[in-house]
Amino acid sequence: MDSPTSADNQARGFALYVGLDEDAAAAAGMSLADLVHVLKDRVTQSAPGAKTHATIALAPRGTPGDNLELVRLALHDPGKLRALAEQHQPQNEPDGVVIDISRKKVVLGGVVATLTFLEFELLQFLVLREGQSVARQAIINHLWGLESGDAPNERTIDVYVRRLRQKLEPYPDIVRTVRGQGYRFDRHADVTIVFGQGPSPDVGV
């Protein structure tokens, strides 16, 4: 691989995305965390001054799709997001709903919806898992953190979803209730998604 260094830019590091699920890693005789530590140790041995940081991308068990592509999307790889943005680029100003991940806003019929920070983060969390049923506890863990003492109970998530739906009128059904499971974002003919940088659903290692 050629170096991207030029007169205007200097390479400062690199990212390596690995598409490998936990079951496949176990079949090879190690866990993903073990593999991460092996790779980090190898980098440290090869370049003692290098600093490293690794994350493991998570997705609900059984999520369809290529592992590498899911990892790139979950960790917001710029190249992957640019490709998605080109696929979903709105033509002029659509009349329906525009969910702009890059600018953290929702536009309904040309008018910006007055979503709170948490309401948008909840919607974004579902959008990035389009078609997947997301448990209420998973939403709590993402928005408030696994160890937060301020985390609400699951009933509170229902309240947040109800308020979000009210603000998405007349398109509240893009956030669907999955009985006994949680919530799901479904693609709608009147919904346009603009992808960009945002919080990654990942776990540090």
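- Side-chain contact check for Ile157 versus Tyr183: some heavy-atom pair is nearer than 4.5 Å.
- Of the charged side-chain nitrogens involved, none lies within less than 4.0 Å of a carboxylate oxygen, so that Glu130 and Arg184 do not count as a salt-bridged pair.
- Proximity of Ile99 to Val194: side-chain heavy atoms (C-beta onward) are nowhere separated by under 4.5 Å.
- Taking 4.0 Å as the cut-off between side-chain N and carboxylate O, Asp158 and Arg136 count as a salt-bridged pair.
- Glu119 places no side-chain N or O within 3.5 Å of a backbone atom of Tyr160 that could act as its donor or acceptor partner.
- With sequence neighbours excluded, the residues that form a side chain to side chain contact (heavy atoms under 4.5 Å, CB included) with Ala15 are Tyr17.
- With no hydrogens or angles considered, no side-chain donor-acceptor pair links Gln45 and Asp41 at under 3.5 Å.
- Between Trp144 and Phe125, a ring centre-to-centre spacing not shorter than 6.0 Å is recorded.
- Looking at Arg129, its side chain never comes within 3.5 Å of a backbone N or O of Val134 through a donor-acceptor pair.
- Under the 4.0 Å criterion applied to side-chain N and carboxylate O atoms, Lys105 and Asp100 are not assigned as salt-bridge partners.
- Residues Lys40 and His53 fail the side-chain proximity criterion, which asks for heavy atoms closer than 4.5 Å.
- By the 4.5 Å heavy-atom criterion applied to side chains, Leu123 and Leu164 are counted as neighbours.
- If you check the side chains of Thr177 and Arg165, you find a donor sitting under 3.5 Å from an acceptor.
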